[in-house]
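Report on the structure given below.
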Amino acid sequence: VSVDVSIERAILESVQAITSSMGVMMHNVALSHSERTKYRSNNQRVKNFSTTDSFHSKGLISASQTVMSAIDDLYVAACAVADGRVDESQIIEKARSVGTAAGLLVSASRTGGIGPGENQNTETQVKMKSAAEIITRAIANLMEAVASINRRKEEEESLKVQESVTSQKVMEL
């Protein structure tokens with residue numbers, strides 16, 4: 001089954017949007033953690049509230065590793081789908097994993113012993129939320145492109161069945 005170039009392009013653009021947005025998100029997670037560390041080191045009241053931030057750091061590291069693994073899996077699945085080696089449903093599964101990982105990363109960046117006066121709505125947090133929304137839209141676009149491939153396969157199969165039935169009837173005559 002040949003895949004329409006426009007559908008292939010939609011899949012590629014969706015995967016690119018997902019990976020690009022994850023890059024933005026990862027960058028802003030690092031900035032957010034840096035802002036948090038700076039705020040905590042400059043604020044005596046917060047220093048007394050929580051002297052270490054190791055749980056927060058470990059949560060960010062773990063969530064970041066999950067993100068990178070999910071992106072790697074998505075890339076491998078996209079290549080395999082493009083080569084026709086696996087079913088298109090694989091790419092949807094992997095894209096959903098990226099979306100889940102993105103949600104974990106945003107959550108990890110927002111949690112972990114928030115002290116008095118810490119702002120949950122910093123510019124970096126807003127950028128991370130925006131990147132997560134772009135990822136969600138890209139996953140929806142990806143799912144639509146894959147659904148188009150599946151519809152096209154079903155139409156081609158239906159045509160083959162109709163041709164087979166027609167040729168059998170001709171043979172009978």
Side-chain angles (χ1 to χ4, degrees), residues 3-41 46 50 52-115 117-151:
V3 178
D4 190 324
V5 173
S6 64
I7 295 172
E8 285 181 344
R9 185 175 297 122
I11 290 172
L12 179 61
E13 288 173 356
S14 295
V15 171
Q16 286 175 329
I18 290 167
T19 56
S20 174
S21 295
M22 287 307 298
V24 169
M25 187 177 292
M26 296 286 284
H27 175 73
N28 282 290
V29 164
L31 288 176
S32 175
H33 186 65
S34 176
E35 289 172 355
R36 177 187 173 101
T37 302
K38 183 178 178 181
Y39 176 81
R40 285 175 172 263
S41 67
V46 175
S50 176
T52 65
D53 221 10
S54 66
F55 287 122
H56 184 258
S57 297
K58 288 177 184 176
L60 287 177
I61 291 167
S62 176
S64 297
Q65 289 170 337
T66 301
V67 164
M68 297 312 294
S69 176
I71 288 173
D72 186 51
D73 290 347
L74 176 62
Y75 174 76
V76 169
C79 290
V81 167
D83 291 343
R85 291 181 282 142
V86 297
D87 186 80
E88 293 81 11
S89 63
Q90 292 291 315
I91 200 168
I92 290 177
E93 176 188 328
K94 302 305 179 186
R96 285 181 176 159
S97 294
V98 171
T100 300
L104 289 172
L105 186 57
V106 171
S107 293
S109 72
R110 296 180 69 102
T111 60
I114 303 300
E118 286 188 75
N119 184 0
Q120 287 280 337
N121 295 311
T122 64
E123 183 180 346
T124 54
Q125 289 290 334
V126 171
K127 287 180 181 178
M128 280 189 288
K129 183 179 177 190
S130 175
E133 290 169 356
I134 291 169
I135 291 167
T136 300
R137 284 192 303 273
I139 290 170
N141 292 342
L142 179 63
M143 292 171 69
E144 179 55 38
V146 170
S148 295
I149 291 171
N150 290 335
R151 282 191 299 272

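In what follows, every heavy atom counts, from backbone to side chain, and hydrogens, waters and symmetry copies are set aside. Quick note: residue numbers are just sequence positions, from 1.
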When rounded to the nearest 0.5 angstrom, what is the spacing between [atom1] in [X] and [atom2] in [Y]?
X	Y	atom1	atom2	result
I135	T19	CD1	OG1	9.0 Å
N141	I18	CG	CD1	9.0 Å
S20	I134	OG	CD1	7.5 Å
S64	L105	OG	CG	5.0 Å
M143	R96	CE	CZ	3.5 Å
K94	L142	NZ	CG	13.0 Å

So which atom in [X] and which in [Y] form the shortest heavy-atom distance, rounded to 0.1 Å?
X	Y	answer
A102	M22	CB-SD, 3.7 Å
V106	A132	CG2-CB, 4.4 Å
M68	M26	SD-CE, 3.9 Å

Margin query: Pair V98, V67 - check side-chain contact (heavy atoms from CB on, under 4.5 Å), show working.
Written below: CA-CA 6 Å; V98 171; V67 164; over 6 Å; no
Next item on the list: Report yes or no: does S21 contribute a side-chain atom to a donor-acceptor pair with the main-chain N or O of A17 at less than 3.5 Å?
Entry: yes
Check: So, the side chain of S130 versus the backbone of V126: is there a donor-acceptor pair under 3.5 Å, distance only?
Finding: no
Checklist line | Residue pairs passing the salt bridge (charged side-chain N to carboxylate O under 4.0 Å, His left out) test where at least one lies in residues 131-149, sequence neighbours excluded | finding: E144-R151
